[in-house]
Number of protein chains: 2
Amino acid sequence: MKVYKNEKRKDYLKEHSIAHLFSFPIEEFIEVHEYQRDEWIIQEGTRPDFLFFVIEGKAKIYVTHHNGKVSLINFINANDYIGEMELLHEVYYTKGIQTSTKTICFAIPLHRCRTQLLEDVTFLRELTKFLSVKATQMAAKYSQSLAFPLENRLADFILQTADEGFYKEKHVTVCDFLGVSYRHLLHVLAQFCDKGYLQKEGRHYRIQQYQPLYELAGVLRNK
Amino acid sequence: MKVYKNEKRKDYLKEHSIAHLFSFPIEEFIEVHEYQRDEWIIQEGTRPDFLFFVIEGKAKIYVTHHNGKVSLINFINANDYIGEMELLHEVYYTKGIQTSTKTICFAIPLHRCRTQLLEDVTFLRELTKFLSVKATQMAAKYSQSLAFPLENRLADFILQTADEGFYKEKHVTVCDFLGVSYRHLLHVLAQFCDKGYLQKEGRHYRIQQYQPLYELAGVLRNK
DNA sequence: ACAAAAATATGAGATATCTCACATTTTGAG
DNA sequence: CTCAAAATGTGAGATATCTCATATTTTTGT
């Protein structure tokens, strides 16, 4: 992890100003952190000292279970908060956050700003919206994971992550995210190929037929 | 649904004052609603006109999927908010809320209070905490549902809901909540009886051995 | 450039969970 | 009280998903 200083820091603060998300002058407190690919921004089980706001990059939230299974709870993108749970709760089991690309965050030191943050209307209103979206997403994922087989959830995931007609996600990551075994993921992908929805090209999959994938994904939506 | 008026309303407002959750005088706006058992406080897919705060009673959040499956997303108890998503988001697919006992709520009319609520630090701070707990719970449930078989989740549920050593929940509700078929739920309950953890008495189950249930439930906790 | 680690791949058998069909019991509205 | 609806209960076969063993390929650190 690198901490940007002086000019580089100032440039980032100016270029990606988040002053409008607060009603007090926050900039002076902000540190600008750069994490490289696959670095851990927060270690699972360890309280962070900062509230982070992601400026550039992507990351993943992980939790490890007693039986050794790892769940990828969600993806984090630009303009997401990290560490807000620890700001709000004294006691909290901290999830691990790992970058999947180079990631730049604004880091707000909790020991200096906690009190002010918790009294700031502008900040709290934004955070409330952020959390409500998060809660809704998780509720949706939860109920879908119980109500539908992998076939449907995978179709949705493929459509959401496909890039120019190609699905290129890493199988291992997708297993953790959709909560299925590697074996079973490959099995369902192979079915999609058999049925002609996808065609494997090297290690990527070209989407051949969108319509049946749309139909499989469509049933996840609410009534 | 009944709306309490005059003395009855005043009594409730005094007895269960929520003035401390707001920094402006909210009481004058509050309606006191009573819902009987099994009544719907909010219809799925229909925007509510109020933000509710539960004073007494219990309710359930339901969502219906395209394939006809119904998920019980969560339980609602005293001191929970209902309808906060609709306060925060113009566009939102509203979940259904059904009481499971007689339930009394304070109902805050959105059209009159929305603006003030969204500018109220005290309210927003409380709501933020409420939502963060909700988001965390859902994330936990989600990852657990994927990582563990029913055996573990049911053991946890039995221990959490048991009353004086007896488990008495309705099977149909539990199926929706744990996202499994009726048949399978009975199957696992029968296993617990075979193994001597539970003993069926009429339509209730007496907990015979806590230890193995604790162990099954324990692996849900994080590493 | 090379060895180790990670990711991909595949087969076969086991288990968790679902669907459907049907019987019985309990509950609630009128 | 009565009847229909809801909840409970059981069997049997189907399917979704997991585990494990093992092989190949790709990526990564040094």
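Just so it is clear, the model here is predicted, and its values are computed rather than measured.
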- Counting side-chain heavy atoms from CB outward, which of D:dT17, D:dT8, C:dA9 is closest to B:Val172? D:dT8
- Comparing B:Arg37 with B:Leu185, nearest DNA chain C nucleotide closer to 5' gives the residue B:Leu185
- Note on the structure: Considering only heavy side-chain atoms of B:Tyr182, the closest of D:dT8, D:dT28, D:dC18 is D:dT8
- Query: A:Ser181 side chain: which of D:dC18, D:dT17, D:dA7 is closest?
  - Reply: D:dC18
- Per the atom types in the model, does the base of D:dG9 pair as donor or acceptor with the side chain of B:Arg183 at under 3.5 Å? no
- For B:Leu216 and C:dA16, give me the distance from atom CG to atom P, rounded to whole Å. 12 Å
- B:Lys170 side chain near D:dA6 phosphate (N/O to OP1/OP2, under 4.0 Å): no
- Please check if any side-chain donor atom of B:Tyr214 sits under 3.5 Å from a side-chain acceptor atom of B:Gln209, or the reverse. no
- Task: Using distance alone, with no hydrogens and no angle criterion, decide if B:Thr64 and B:Glu44 have a side-chain donor and acceptor under 3.5 Å apart.
- Result: yes
- Item | Side chain of B:His184 (C-beta onward), nearest among C:dT17, D:dT19, C:dA9 | C:dT17
- Query: How would you label the contact of B:His171 with the nucleic acid (heavy atoms, under 4.0 Å): base, sugar-phosphate, or nothing?
  - Reply: sugar-phosphate
- Exam field: side chain A:Gln98 to backbone A:Lys60, donor-acceptor pair closer than 3.5 Å: no
- Query: Phosphate oxygens OP1/OP2 of C:dA9: is one of them under 4.0 Å from a side-chain N or O of A:Arg203?
  - Reply: no
- Under 3.5 Å, is there a donor-acceptor pair linking the side chains of B:Thr46 and B:Thr94? no
